[in-house]
Amino acid sequence: DPSALLRSRAVRSLKGIPGTEASLSPLLEDPVRLVRMDAAWALCRVRAGEGEPFRAAMGEFAQAARYNADHPAGRLQLALLEEARSNAQGAEREYRAALELDPGALPARCNLAILLSTLGRREEAVRLLEEGVRLTPGEGVLHFNLGLAYSDQGRREDALSSLKEAVRLDPTNARATGILRTLETE
């Protein structure tokens with residue numbers, strides 16, 4: 001399509017769909033930087049380190065994120081890039097930098113908590129989420145993630161309380177509702 005915006009949207013819609021790599025690869029050499037960066041991002045988990053067009057497009061993606069590193073969203077992009085590269089230490093550093101810039105940055109806080117939990121640092125993940133709930137008590141996503149973290153630790157009553165609050169704050173969160181119902185019947 002001659003429209004770079006449509007090509008960009010098409011790439012984003014194909015991200016994560018198995019078997020689309022062959023369709024996305026040629027877009028690594030698209031004349032428009034946005035399309036190249038979107039294609040690189042869509043392919044990064046399955047193609048990390050393959051081919052010069054991929055490396056060049058990922059370099060452009062990282063450069064754009066570094067340019068915006070004085071904003072939490074830029075640091076979040078850098079953290080996601082480090083995670084895609086399987087660099088947990090780099091991802092943690094960038095998530096923490098995002099939180100230093102804005103302690104209320106929900107995606108950075110939630111993603112960091114998930115990363116810490118994955119690394120076996122569950123207590124630290126819980127403390128991070130509890131701090132988030134204290135800072136922004138009206139955010140259902142924080143209560144939801146905290147409920148999951150409590151559940152992982154076997155803290156059933158705390159998990160129930162957090163999940164109930166998550167559902168109260170966001171009744172459309174079907175996942176929270178389902179997990180809450182499951183815990184209530186155990």
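- Between the side chain of Ser161 and the backbone N or O of Glu157 there is no donor-acceptor pair closer than 3.5 Å.
- Between Arg109 and Glu131, at least one side-chain N (NZ, or NE/NH1/NH2) sits under 4.0 Å from a carboxylate O, which counts as a salt bridge.
- No donor-acceptor pair under 3.5 Å is formed between the side chain of Ser151 and the backbone N or O of Gly147.
- The line from OG1 of Thr185 to CG of Leu180 is 9.5 Å long, rounded to the nearest 0.5 Å.
- The residues Glu124 and Arg96 are annotated as salt-bridged, a charged nitrogen and a carboxylate oxygen being separated by less than 4.0 angstrom.
- Side-chain N or O atoms of Arg12 include none that pairs as donor or acceptor with a backbone N or O of Asp38 at under 3.5 Å.
- For the pair Asn68 (side chain) and His71 (backbone), a donor-acceptor distance under 3.5 Å is absent.
- Sparse packing is recorded around CZ of Arg181, with 12 or fewer heavy atoms of other residues, nucleotides or ligands lying under 6.0 Å away.
- Checking Gln89 against Glu82 by side-chain atom types alone, no donor-acceptor pair falls below 3.5 Å.
- Within the 3.5 Å criterion, the main-chain N or O of Ala113 finds no donor-acceptor partner in the side chain of Ser117.
- Partner of Tyr95 under the side-chain hydrogen bond (donor to acceptor under 3.5 Å, both in side chains) criterion, chosen from Arg75, Glu100, Glu83: Glu83.
- Neither Tyr150 nor Leu128 shares a network with the other; the hydrophobic side chains, linked directly or stepwise wherever heavy atoms of I, L, V, M, F, W or Y lie under 4.5 Å apart, form separate groups for each.
- Heavy-atom contacts from other residues, nucleotides or ligands closer than 6.0 Å to CZ of Arg175 number 12 or fewer.
- Salt-bridge formation is detected for the pair Arg168/Glu165: a Lys NZ or Arg NE/NH1/NH2 atom is positioned less than 4.0 Å from an Asp or Glu carboxylate oxygen.
- The distance from atom CG of Leu34 to atom CZ of Arg9, rounded to the nearest 0.5 Å, is 9.0 Å.
- Using a cut-off of 4.0 Å between Lys/Arg side-chain N and Asp/Glu carboxylate O, Glu94 and Arg66 are scored as not salt-bridged.
- Ion pairing between Asp30 and Arg36 fails under the 4.0 Å rule for side-chain N and carboxylate O.
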